Amino acid sequence: MPSALITGITGQDGLYLAELLLEKGYDVHGLLRGQNNPRRALVEDLVPDVRLHTGDLTDLSSLMRAMRDSQPDEVYNLGAISFVAYSWENAFVTSDVTGMGVLNMLEAVRLHAGDDPSSIRFYQASSSEMFGKVQEVPQTERTLLWPRSPYGVSKVYGHYMTINYRESYGMHASSGILFNHESPRRGPEFVTRKISQAVARIHLGQQDSVALGNLDARRDWGFAGDYVEAMWRMLQQHEADDYVIATGETWSIRDFLDLAFAHVGIDDWAEHVTQDPRFMRPAEVEMLIGDASKAKDRLGWTPTVSFAELVAMMVDADIAAAKAGW
């Protein structure tokens, strides 16, 4: 039975990945920050077979203990401060966790592996936010990185550090440059979930409107459940590498609103949506669209859930949650 350690186990990706690995017969371990993590109960409810360890990406000694206790064959570093808007308010903390945390995790893996650094396969969750002010369309693994937020800058640091450890120590270390991926498990602070929750509540008469930021930003959106499959496939390759994971389609926030409101029978959403300057980014990323040809050719990976299906899935889940009083 192979063993895997997942940092960021409480996030949408961590939960979907844990489910996938358990289905494949893995002994799955998760890293939790803090003894009284409020999301611990969620993890224990959704994936009760995952063994949990306490640790912090900013504390190398705790990561070494987690490595010792889990003895993983594969490590998936999904842990980060991942809300882009927060990164401007707390750039130092974001840099420490999302950037330096990758270095700490790489060191923990390297030191635990000992004489054979490639014996433990490592996955780093890179991000399309690294492209920021995009230099070519669509974006590939070779596109120049031009991040436009402290979060994006931190992800670039972790991305290049992963490449450096692969080239310097011979580690089997891969990065997935994942474009936006959503699900009913997405945090409510993210715009897609903010919309799906609001649409559900407006549909049920529980609220009247929702305040958003830039409605014209365009993103390449996929389903998180599809994207964790790509993570696993990367670590099954003989050689480590970096891969763009994307749908190859781009949609605006307005498109998301169109589909979400239409799903509950509202064709004109103008009276239900306001724009608030507080939700505008200091430096906007206007459009992201990825070319996942390399992942298709080498990993045999393609997305299975369309954008329209994703929006409907999220709205339906939030309608059910609102009816249940969650």
Side-chain angles (χ1 to χ4, degrees), residues 1-35 37-60 62-82 97-98 101-110 112-113 119-127 155 158-159 162 165 171-178 181 183 185-187 223-237 240 243 245 301:
M1 178 185 295
S3 176
L5 174 64
I6 303 170
T7 72
I9 187 72
T10 63
Q12 65 165 0
D13 290 7
L15 292 169
Y16 281 116
L17 179 61
E19 289 174 337
L20 175 70
L21 296 179
L22 289 169
E23 290 172 3
K24 293 183 178 297
Y26 278 66
D27 177 22
V28 182
H29 300 254
L31 190 73
L32 277 178
R33 182 176 181 272
Q35 291 285 357
N37 192 303
R39 291 178 64 86
R40 184 185 189 105
L42 174 65
V43 178
E44 292 174 336
D45 179 55
L46 292 176
V47 281
D49 293 329
V50 171
R51 289 192 270 177
L52 298 174
H53 307 269
T54 300
D56 192 314
L57 288 174
T58 64
D59 177 15
L60 179 59
S62 72
L63 301 181
M64 292 297 298
R65 286 195 299 273
M67 293 293 297
R68 178 199 66 199
D69 294 342
S70 60
Q71 295 293 318
D73 300 294
E74 299 173 2
V75 172
Y76 296 85
N77 186 41
L78 312 184
I81 293 177
S82 57
V97 176
T98 306
V102 182
L103 174 59
N104 287 333
M105 200 67 235
L106 284 164
E107 269 293 277
V109 171
R110 184 182 72 86
H112 185 78
S119 62
I120 300 172
R121 300 191 171 193
F122 179 84
Y123 171 83
Q124 167 58 20
S126 290
S127 168
K155 280 292 186 180
H159 179 73
T162 301
Y165 267 61
M171 289 178 62
H172 193 293
S174 296
S175 288
I177 307 172
L178 271 58
H181 48 289
S183 76
R185 294 175 179 172
R186 188 56 135 160
F223 173 51
D226 284 342
Y227 285 38
V228 299
E229 170 80 21
M231 299 176 189
W232 175 78
R233 291 190 181 209
M234 287 178 212
L235 296 201
Q236 310 316 305
Q237 303 305 301
Y243 296 89
I245 304 299
W301 179 87

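Note that the coordinates shown come from a computational prediction; the quantities given were computed from them, not determined experimentally.
Applying side-chain contact (heavy atoms from CB on, under 4.5 Å) to Val102 and the options Val97, Leu57, Thr162 leaves one that passes, Thr162. Screening Asp45, Leu52, Ile9, Thr10 for a side-chain contact (heavy atoms from CB on, under 4.5 Å) with Arg40, the sole residue that qualifies is Leu52.
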| Full working for side chain to side chain contact (heavy atoms under 4.5 Å, CB included) between Met67 and His29 | CA-CA 10 Å; Met67 293 293 297; His29 300 254; over 6 Å; no
| request: Please report the C-alpha distance between Trp232 and Trp301 in whole Å, then the side-chain angles of each, then the deciding distance to 0.1 Å, and finally whether the side chain to side chain contact (heavy atoms under 4.5 Å, CB included) criterion is met. | output: CA-CA 11 Å; Trp232 175 78; Trp301 179 87; over 6 Å; no
| Worked verdict on Asp69 versus Arg51 for salt bridge (charged side-chain N to carboxylate O under 4.0 Å, His left out) | CA-CA 10 Å; Asp69 294 342; Arg51 289 192 270 177; over 6 Å; no
| Worked check of side chain to side chain contact (heavy atoms under 4.5 Å, CB included) between Val228 and Met231 | CA-CA 5 Å; Val228 299; Met231 299 176 189; 4.0 Å; yes
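Judged by distance alone, the side chain of Arg121 and the main-chain N or O of Met234 form no donor-acceptor pair under 3.5 Å. Counting only distance, with no hydrogens or angles, the side chain of Ser174 and the backbone of Leu235 share no donor-acceptor pair below 3.5 Å. Within the 3.5 Å criterion, the main-chain N or O of Gly225 finds no donor-acceptor partner in the side chain of Ser183.
Under the salt bridge (Lys or Arg N to Asp or Glu O under 4.0 Å) criterion, Glu19 pairs with Arg185, sequence neighbours left out. For Asp59, the side-chain contact (heavy atoms from CB on, under 4.5 Å) test picks out Asp56, Ser61, Ser62, Arg65, with sequence neighbours left out. Residues passing the side-chain contact (heavy atoms from CB on, under 4.5 Å) test with Asn104 are Leu60, Leu63, sequence neighbours excluded. Every residue two or more places apart in sequence or in another chain was checked for a ring-ring contact (aromatic ring centres under 6.0 Å, His included) with Tyr243, and none qualifies. With sequence neighbours left out, the side-chain contact (heavy atoms from CB on, under 4.5 Å) criterion links Thr54 to Gln35. With sequence neighbours excluded, the residues that form a side-chain hydrogen bond (donor to acceptor under 3.5 Å, both in side chains) with Asn77 are Thr7, Gln124.
By the 30° and 60° cut-offs, the orientation of the rings of Phe223 relative to Tyr16 is perpendicular.
Residue Ala4 comes nearest to Leu21 through the heavy atom pair CB-CD1, 3.7 Å, listed as atom of the first residue, atom of the second, then distance. Here the closest heavy-atom approach between residue Ala230 and residue Ile245 is recorded as CB-CD1, 3.6 Å. Minimum heavy-atom separation, Met1 to Gly25: CG-O, 2.9 Å.
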